Enquirer: 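If you scroll down you'll find the structure; I have some questions about it.
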Amino acid sequence: MTKSKKAVLLVLPLLFLSGVASFLFLYNQEGFTGNRIKNPDAYLLDIERMNGTDLHTLELHEGDVLQIQFETVKGSLYMEIKAPDGTTIYRGNGKETTDFTVNIRESGVYTIVVEARHAKGTIHIQLKEET
């Protein structure tokens with residue numbers, strides 16, 4: 001075998017591995033594609049593709065009710081809602097229950113944490129209108 005053929009046989013696997021590593025790096029980078037609205041009374045995510053974590057806070061009052069629509073279409077979505085004292089009042093993945101309410105028992109600032117991994121889906125959290 002000639003030296004040039006040996007060189008090609010050594011270089012091709014290295015180029016292939018470099019390409020795979022680049023693809024994996026780009027594929028796993030944090031990012032968001034879609035629509036994101038963060039208001040004082042709502043947090044709306046229409047996710048085409050999301051990798052990473054997003055946070056939003058809502059100042060709520062005792063007796064408020066949050067109307068939540070949460071659906072994971074693809075990948076992994078995880079949401080947690082934390083009360084002002086840090087306790088978790090909801091956690092889920094948007095695969096079982098997709099339309100529900102959460103009653104607020106104490107006034108204060110609530111934190112919503114969304115973690116996504118190659119995700120597509122919807123998270124709509126809105127203060128329910130009083131009837």
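We use all heavy atoms of the structure for the numbers below, so side chains are in, but hydrogens, waters and symmetry mates are not. Quick caveat: nothing in here was measured; it's all calculated off a predicted structure.
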Enquirer: Start with the C-alpha distance between I104 and L66, add both sets of side-chain angles, then the distance that settles side chain to side chain contact (heavy atoms under 4.5 Å, CB included), and finish with yes or no.
Expert: CA-CA 8 Å; I104 301 304; L66 293 177; 4.1 Å; yes

Enquirer: Say you draw a straight line from OG1 of T87 to CD of E106; how long is it, rounded to the nearest 0.5 Å?
Expert: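 It comes to 6.5 Å.
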
Enquirer: Shared ILVMFWY cluster between V73 and M50, side chains joined below 4.5 angstrom?
Expert: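 V73 does not cluster with M50.
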
Enquirer: Grouping I, L, V, M, F, W and Y whenever their side-chain heavy atoms are under 4.5 Å apart, do V65 and M79 come out in a common cluster?
Expert: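 Different clusters: V65 never reaches M79 through Ile, Leu, Val, Met, Phe, Trp or Tyr contacts under 4.5 Å.
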
Enquirer: Should K120 and E48 count as side-chain neighbours, where that means a heavy-atom distance under 4.5 Å?
Expert: yes

Enquirer: Say you draw a straight line from NE2 of H124 to CG of L44; how long is it, rounded to the nearest 0.5 Å?
Expert: 5.0 Å

Enquirer: Side-chain donor-acceptor pair under 3.5 Å between D99 and Q67, yes or no?
Expert: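 Short answer, yes.
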
Enquirer: Decide yes or no on side chain to side chain contact (heavy atoms under 4.5 Å, CB included) for I112 and I123, but give the supporting numbers first.
Expert: CA-CA 11 Å; I112 303 162; I123 298 176; 5.8 Å; no

Enquirer: Which heavy atom in A116 sits nearest to a heavy atom in L77, and how many Å separate them?
Expert: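 So the two residues come closest at CB-CD2, 3.7 Å.
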
Enquirer: Compare every heavy atom of P84 with every heavy atom of S107, then report the nearest pair and how far apart it is.
Expert: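 Nearest heavy atoms, S107 then P84: O-CG, 3.9 Å.
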
Enquirer: Under the side chain to side chain donor-acceptor pair (under 3.5 Å) definition, can you give me all pairs with a residue in residues 69-79, not counting sequence neighbours?
Expert: Y78-R91

Enquirer: Output, in order, the C-alpha distance, side-chain angles, deciding distance and verdict of side chain to side chain contact (heavy atoms under 4.5 Å, CB included) for H118 and N51.
Expert: CA-CA 5 Å; H118 311 295; N51 248 352; 3.4 Å; yes

Enquirer: So do the side chains of I89 and Y110 get within less than 4.5 Å of each other, counting heavy atoms only?
Expert: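 Counting from C-beta outward, I89 and Y110 do come under 4.5 Å.
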
Enquirer: Quick check: is I47 connected to I37 through a chain of hydrophobic side chains (ILVMFWY, heavy atoms under 4.5 Å apart)?
Expert: no

Enquirer: Shared ILVMFWY cluster between Y90 and I125, side chains joined below 4.5 angstrom?
Expert: yes

Enquirer: Hey, what do you get for CG (N35) to OG1 (T122), rounding to the nearest 0.5 Å?
Expert: 10.5 Å

Enquirer: Report, one line per pair, each donor and acceptor closer than 3.5 Å where one atom sits in a side chain of residues 54-61; sequence neighbours left out.
Expert:
| unit_1 | atom_1 | unit_2 | atom_2 | d |
| --- | --- | --- | --- | --- |
| D54 | OD1 | R36 | NH1 | 3.2 |
| D54 | OD1 | K38 | NZ | 3.2 |
| D54 | OD2 | K38 | NZ | 3.4 |
| D54 | OD2 | Y43 | OH | 2.5 |
| H56 | NE2 | N39 | O | 2.9 |
| H56 | NE2 | A42 | O | 3.3 |

